[in-house]
Amino acid sequence: MVGRKRRKPRVIDPTKISELGKQFFQYVTDKDEDWQRNMKKNDLRTCFMEEYKPWLLQDGQKPAYNFSTMIFYLRKQKKVKVIKNSGEVFYFEQTGYASVDQHRLFQRLEVEGKPKDRQFPSRCEVCGVMSNSESQQKDHLRGARHRLNLTTLAIRKLQDPLLGDKHGVTIGNRDSLAVVDGKITVSCVQDDVKIVRLFVSCSDQAVSLELVTLLSQDSRLYITDEDGLTEGKVTLNFDPGQEYEITLRCECQDFGEIRAPVAFGFKLQSTKELFHIFRVVIFSVAGGEDRDILTPSAPYSRTSKVALTPRSSNVLSGTPFTFSGKGKLPQKINMDNYYIPDQVSKSLNSNNPGRIESLQDPLSEENYSQKFENLLYAEEHQMKVDIRRYDKKAAEMSKSRTHVGLLNLKVPGLAENRPSVLRGDHLYATHSDGSRDKSYRGYVHHIEQEVVSLSFHADLVHSFIDKMKFDIQFTFSRFPLKLQHFAVDSERMDMDEMKAILFPTPKELQGTDPEELQTLRQRQLFNRTLASNTEQVQAVYHILRGSSLPAPYLVFGPPGTGKTVTVVEAMKQVYHQIPGSFILACAPSNSAADLIAKRLLDTGPVAKSHLLRMSALSRSWEAVDPDLKKFKVCLNYDDQGHVVFPGIDALKEKRIVVVTMVTAGRLVLADSFKDHFTHIFLDEAGHAIEPEALISVTGLLPKDGQLVLAGDPKQLGPVLRSPISKQNGLGELLFTLTGE
């Protein structure tokens with residue numbers, strides 16, 4: 001029988017274990033504010049095992065010793081002091097930010113669940129921030145915003161004991177302001193700078209003032225003192241009868257209340273016991289009549305945070321909304337769905353975009369389609385996360401009185417597009433009583449202010465009782481995303497043709513004929529106010545002559561410099577001087593497209609029968625600009641106010657078609673207009689991402705066609721949701737790249 005081999009005793013390397021302990025305590029104290037550490041052993045072990053060790057492994061390192069060995073040795077070497085105070089407490093000589101302390105406190109308050117029990121995407125129940133992966137969640141939990149919110153929450157939970165004076169320490173003010181329940185209210189005037197002088201006094205026993213910190217990131221608030229205590233540079237010892245002054249300053253720029261919570265940390269010199277006192281200074285800024293107008297009609301209440309509710313795999317659908325007058329425009333091209341590939345989705349969920357092909361590479365002809373496809377995937381992934389914040393739990397529905405068979409749902413914020421819901425969209429409803437054997441897909445048929453009328457499956461409609469409660473999950477239309485993918489699809493995009501537009505070669509414009517320019521200025525302009533501006537007249541001249549071809553012509557400038565006026569004049573000149581021309585005018589929004597149509601019809605040569613302002617199917621008659629409604633012959637609405645798309649032949653008779661960039665996709669999918677439009681104008685191009693701007697360009701611009709881009713690259717660009725897409729170039733505009 002072979003005896004068991006005895007393990008060699010482990011050799012303790014003092015250098016390695018000291019280094020490990022030093023690194024661990026540096027991790028715990030975390031480099032910021034001056035907070036003394038007070039942690040129980042179990043809390044410290046949890047921090048080592050669940051936070052520090054995985055962090056080391058992720059960084060490619062491995063702890064040389066376990067927690068018990070490290071603590072035993074460090075205690076033996078007197079690197080760690082131990083105080084017996086209602087259980088074993090480790091006290092660190094180092095100071096640092098109390099991120100771990102606050103995290104443990106928050107766990108003791110039983111507000112936040114364990115991260116390992118969560119599903120992603122997950123919402124932070126303190127801050128409302130969505131995390132797509134565990135690593136993102138950990139980064140957020142260690143961030144300044146989360147720690148500040150944790151502190152605020154802890155103060156609210158322990159408000160009464162924290163706001164009161166204790167151990168003979170009193171916090172008052174030099175201005176004889178009343179202190180009510182730890183709160184000091186100061187009356188202020190707008191644009192005034194108000195100073196409140198707080199003082200700390202001690203009457204019974206000696207204490208040390210360890211910290212004074214302002215628990216607010218409001219840039220209007222400042223806290224100072226003579227010795228640098230508020231900056232964490234010193235601690236002060238107090239004997240009975242001594243006082244110390246702290247100055248709090250507020251720049252009262254806005255009406256309303258500005259709250260300044262201030263935390264004071266003390267230690268009894270006799271017992272070394274730590275305690276805190278808080279004061280909340282409220283600067284009330286009076287505002288006269290304007291303030292009365294802005295007074296809320298009801299108390300503010302936060303939007304309830306809805307936990308993710310898994311939908312049943314058994315989904316029963318209602319009747320999709322049928323647009324009454326779709327018209328004769330066919331859809332000859334069927335787009336792919338362009339769903340997010342599994343591998344890309346996994347990389348985005350793990351917050352590791354480096355694994356996604358071409359995403360972080362510089363844009364080039366070779367990776368153009370791949371890069372933009374992945375940027376759009378990243379944007380859609382974030383849109384799926386963001387839409388969840390609008391989900392409603394236990395929402396009541398009622399039977400519609402005006403639309404038989406439909407159910408009404410009130411959606412606060414609908415008028416501000418929070419969320420954006422259009423006719424034809426759908427959402428999901430699941431019973432709130434816990435029976436999740438099936439979900440219902442409801443289609444939006446009517447929208448009136450903040451109420452949507454929905455068509456659900458007969459199974460729900462027949463069993464429905466007023467005031468029944470449902471968990472609601474909203475969705476968004478993928479049609480614009482599909483069109484953008486379609487525009488940059490490598491199987492459709494001819495890079496040889498598009499190179500001159502996407503990667504133009506710098507060149508000098510063709511020379512200007514002084515006589516022609518003078519004739520245009522003096523006799524031919526339809527908007528005579530342009531005659532005094534040489535740059536605007538030259539822009540119209542070069543667009544008319546196609547001087548920039550094959551590259552686009554750019555019209556740019558700050559707000560109010562007449563970009564849209566110049567573009568509209570150029571369209572009128574092309575229409576008037578080039579009889580065989582056909583113009584497509586695009587803008588990112590309906591309001592911008594309506595403005596172009598109105599200005600084209602105001603004065604000049606454009607016949608009403610030659611212009612069409614083509615709206616999308618989901619746009620109601622009520623949403624059309626009132627000034628444009630008098631030109632009904634130029635609009636694609638029937639007598640009942642339904643959108644009707646004209647047939648191909650009818651559209652080709654129109655000399656000018658005005659659409660949004662997304663609605664231009666309807667012309668692309670008809671597959672009959674590739675060589676039809678001679679000029680394409682994209683107004684407000686600085687507000688559109690490149691794939692959106694390219695919907696009309698790659699699908700409709702002929703090889704010898706003229707593209708004109710107008711906008712201001714210095715203004716706010718398109719609204720992007722994904723930080724990954726922002727960091728990797730989706731915010732770079734076609735307008736900007738073309739103009740470099």
- Is the backbone N or O of Q253 less than 3.5 Å from a side-chain atom of Q190, with the two atoms forming a donor-acceptor pair by type?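 Flag set: sc Q190 to bb Q253 pair under 3.5 Å.
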- Query: With distance as the sole test, does N728 use its side chain to make a donor-acceptor pair with the main-chain N or O of I724 at under 3.5 Å?
  - Reply: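 Such a contact is found between N728 side chain and I724 backbone.
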Listed by chain and number, what are the side-chain hydrogen bond (donor to acceptor under 3.5 Å, both in side chains) partners of [X], not counting sequence neighbours?
| X | result |
| --- | --- |
| S589 | S591 |
| Q242 | none |
| D627 | none |
| T660 | T663 |

- Could you walk me through whether M397 and K467 pass the side chain to side chain contact (heavy atoms under 4.5 Å, CB included) check? CA-CA 6 Å; M397 289 198 288; K467 306 296 184 180; over 6 Å; no
Counterpart residues, side-chain contact (heavy atoms from CB on, under 4.5 Å), relative to [X] (two or more places apart):
| X | result |
| --- | --- |
| Q269 | A206, S208, N237 |
| P626 | none |
| S398 | N408, D466 |
| D218 | S216, R220, L221, I258 |

[Y] and [X], any side-chain heavy atoms less than 4.5 Å apart:
| X | Y | value |
| --- | --- | --- |
| E251 | Y222 | yes |
| F278 | L215 | yes |
| L427 | I472 | yes |
| V207 | K267 | no |
| R259 | V280 | yes |
| L422 | S477 | no |
| V179 | N173 | yes |
| P419 | R389 | no |

- Using only heavy-atom distances, determine whether the side chains of T564 and D683 contain a donor-acceptor pair under 3.5 Å.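 The criterion, which ignores hydrogens and geometry beyond distance, is satisfied for D683 and T564.
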- Query: Is the closest side-chain donor-acceptor distance between Y244 and D227 under 3.5 Å?
  - Reply: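 Yes - a donor-acceptor pair under 3.5 Å links their side chains.
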Give me the atom names and distance for the closest heavy-atom approach of [X] to [Y].
| X | Y | result |
| --- | --- | --- |
| L730 | I689 | O-CG2, 3.8 Å |
| Q473 | D391 | CA-OD1, 3.3 Å |
| C252 | V189 | CB-O, 3.8 Å |
| S400 | S453 | OG-OG, 4.2 Å |
| S284 | T185 | CB-CG2, 4.5 Å |
| D471 | K393 | OD1-CG, 3.4 Å |

Tell me, please, which residues at least two apart from [X] pass salt bridge (charged side-chain N to carboxylate O under 4.0 Å, His left out).
| X | result |
| --- | --- |
| R599 | none |
| E243 | R174 |
| D225 | none |

Exercise answer: donor-acceptor pairs, residues 192-203 side-chain atoms, under 3.5 Å, sequence neighbours excluded:
{"residue": "S203", "atom": "OG", "partner": "G168", "partner atom": "O", "Å": "3.1"}

- Query: Parallel, tilted or perpendicular: which fits the ring planes of F275 and F266, with parallel below 30° and perpendicular above 60°?
  - Reply: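 Ring orientation, 0 to 90° scale: parallel.
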Tell me, yes or no, whether the heavy-atom count around [X] atom [atom1], taken from other residues, nucleotides or ligands under 6.0 Å, exceeds 12.
| X | atom1 | value |
| --- | --- | --- |
| K166 | NZ | yes |
| R721 | CZ | no |
| K469 | NZ | no |

- Start with the C-alpha gap between F264 and I246, add the side-chain angles, then the distance that decides, and say whether side chain to side chain contact (heavy atoms under 4.5 Å, CB included) holds. CA-CA 11 Å; F264 297 81; I246 307 292; 4.1 Å; yes
Working to the nearest 0.5 Å, report the span between [atom1] of [X] and [atom2] of [Y].
| X | Y | atom1 | atom2 | answer |
| --- | --- | --- | --- | --- |
| I223 | E231 | CD1 | CD | 11.0 Å |
| L348 | S722 | CG | OG | 7.0 Å |
| E379 | K384 | CD | NZ | 13.0 Å |
| D625 | L595 | CG | CG | 8.5 Å |

- Item | Pair E257-I282, side chain to side chain contact (heavy atoms under 4.5 Å, CB included): steps then yes or no | CA-CA 6 Å; E257 291 185 349; I282 303 172; 3.9 Å; yes
